[in-house]
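Beneath this line is the structure, given in structure tokens, with notes to follow.
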There are 2 protein chains.
Amino acid sequence: MAETRPAPRRRRKEARPQELTAAALSLFVEKGFAATRLDDIAERAGVSKGTLYLYFDSKDALFKAVIQEGIVPALHAGEVLLDEYDDPLALLRAILLGWWERIGSTELGGIPKLMMSEARNFPDVAVYYQQEVIQRGTALLRKAVARGIERGVFRKVDPEAICSVLIAPLVYRAMWRHSFGPCCGQETDVAQYLHTYFDLVLNGLLAPAPGGDAQ
Amino acid sequence: MAETRPAPRRRRKEARPQELTAAALSLFVEKGFAATRLDDIAERAGVSKGTLYLYFDSKDALFKAVIQEGIVPALHAGEVLLDEYDDPLALLRAILLGWWERIGSTELGGIPKLMMSEARNFPDVAVYYQQEVIQRGTALLRKAVARGIERGVFRKVDPEAICSVLIAPLVYRAMWRHSFGPCCGQETDVAQYLHTYFDLVLNGLLAPAPGGDAQ
DNA sequence: TCTAAATTACTGACCAGTCAGTAATTAAAT
DNA sequence: ATTTAATTACTGACTGGTCAGTAATTTAGA
């Protein structure tokens with residue numbers, strides 16, 4: 001009988017917090033906050049439950065850490081695009097596609113699902129998230145849209161409302177991946193979905209003609 | 001000291017199941033399945049916890065009942081629209097607006113949020129929901145889109161993918177109402193949102209010109 | 001060594017589910 | 001009608017298991 005190795009029991013003060021929040025994120029997204037046990041998080045991270053309490057005061061504190069360190073860093077990447085692109089159409093495309101590639105298609109894509117599920121159980125985190133993530137992301141999108149309208153490239157639409165409408169299909173798809181996706185077989189092809197999405201919204205947004213009104 | 005009335009203790013065998021699932025739905029949507037106590041559901045419905053077990057075998061069974069009786073009836077309403085409308089544009093509008101008015105804007109609008117949150121904890125319910133609600137709803141939308149493409153009213157787009165893209169902004173908004181909505185102050189005006197939404201997607205979907213290509 | 005990191009064993013609150021009993025309703029008997 | 005018996009809807013105290021959080025102990029590294 002080969003006995004199971006007792007435990008390596010490494011000490012790695014620096015890397016731990018990341019490993020713990022990563023493990024917590026994936027389990028919170030999968031099962032929800034209340035249904036996730038700290039023992040499971042610890043096991044996935046390769047430590048014992050007690051170790052969790054060396055780095056986080058409580059399960060709630062762990063939740064907050066997951067949300068905070070998850071998304072905020074990814075926003076910088078979007079904001080620099082405003083200066084990188086001049087053409088409003090290319091800019092908008094880059095922002096939306098960037099969101100998908102950096103967040104939606106990664107593990108981070110579970111955060112919107114998690115945050116939506118738990119917003120009313122953690123009102124303070126929800127407010128934080130709404131201000132630091134949603135409003136900031138919306139502001140970014142709004143600038144891109146406004147620039148397009150100013151230059152006559154986009155039709156005149158309500159900039160505030162359009163932002164939600166634009167991001168919704170991407171968030172929706174990301175949430176799907178973390179809910180029905182694993183249960184209900186075949187997801188449609190991502191590339192096809194993105195293509196159809198951009199085709200619809202950009203076509204719906206573009207002013208009818210480049211110069212004045214003729215084709 | 002006027003003593004508190006002990007309890008009316010009404011007996012209403014017929015109405016109970018509805019009252020219980022209604023109470024359960026609103027609490028499940030608010031707190032999530034795991035974080036909702038049966039005592040709270042019972043209290044909101046004006047009965048004791050024991051009564052719950054006269055009508056449902058378990059907390060899980062109650063969840064399933066909430067989902068099943070919640071949405072399925074509302075689908076019929078959509079399916080009859082296929083025959084009521086001939087014009088594809090009006091049909092599509094009626095379907096999407098109908099979804100908002102019958103589901104999205106009502107208490108039922110919490111079900112997508114609930115189902116997304118709990119899909120991976122209830123794979124069998126998720127499969128049921130996916131087949132009986134999502135696929136059925138998608139099929140309905142697809143027919144409307146296909147009719148529009150056939151008649152040259154809509155541009156040629158992938159019918160499968162477009163359905164998700166079309167419904168996403170409505171579902172997203174409904175989920176918002178039940179998550180961030182109560183926490184984070186001002187929601188933008190619904191009418192304005194719907195107007196902008198229809199403006200974008202219908203404009204994005206319409207073929208460039210009625211007859212051939214000229215404006 | 002000796003300190004810090006991690007584990008293990010433990011506690012107590014909480015909650016799904018149970019069940020003996022009570023109140024309301026109906027039916028039967030006078 | 002009015003009491004009595006039988007039935008049915010409902011209650012709430014109780015139990016057993018679970019799990020967040022803690023305290024005692026062990027192990028790794030300087």
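Throughout, protein chains are lettered first and strands after them, A, B, ... in sequence-line order, and every chain is numbered starting at 1. Note that this is a predicted model, so its numbers are computed, not measured.
The phosphate of D/dT11 (OP1 or OP2) has a side-chain N or O of B/T51 nearer than 4.0 angstrom. Applying the 4.0 Å criterion to OP1 and OP2 of D/dC10, one finds that B/Y55 has a side-chain N or O inside that range.
Looking only at side-chain heavy atoms (C-beta outward), A/R136 and A/E132 come within less than 4.5 Å of each other. Taking 4.5 Å as the limit, every side-chain heavy atom of A/F122 sits out of range of all side-chain heavy atoms of A/I67.
In this structure, B/L54 atom CG and C/dA24 atom P are separated by 16 Å, rounded to whole Å. Rounded to whole angstrom, the span from the CD atom of B/E43 across to the C1' atom of D/dC10 amounts to 16 Å.
Counting non-hydrogen atoms of neighbouring residues, nucleotides and ligands closer than 6.0 angstrom, the CD atom of B/E69 exceeds 12 such neighbours.
Exactly one of A/F56, A/F28, A/F33 qualifies for a side-chain contact (heavy atoms from CB on, under 4.5 Å) with A/V66. That residue is A/F28.
Residues A/R155 and B/D199 are paired through a salt bridge, judged by an N-O separation under 4.0 Å between the basic side chain and the carboxylate.
Applying the side chain to side chain donor-acceptor pair (under 3.5 Å) rule to pairs touching residues 101-113 of chain A yields nothing, sequence neighbours excluded.
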Seminar exercise, completed: Nucleotide by nucleotide, nucleotides 13-20 of chain C touches protein heavy atoms under 4.0 Å in the pattern (B base, S sugar-phosphate only, - none) --SBBB--

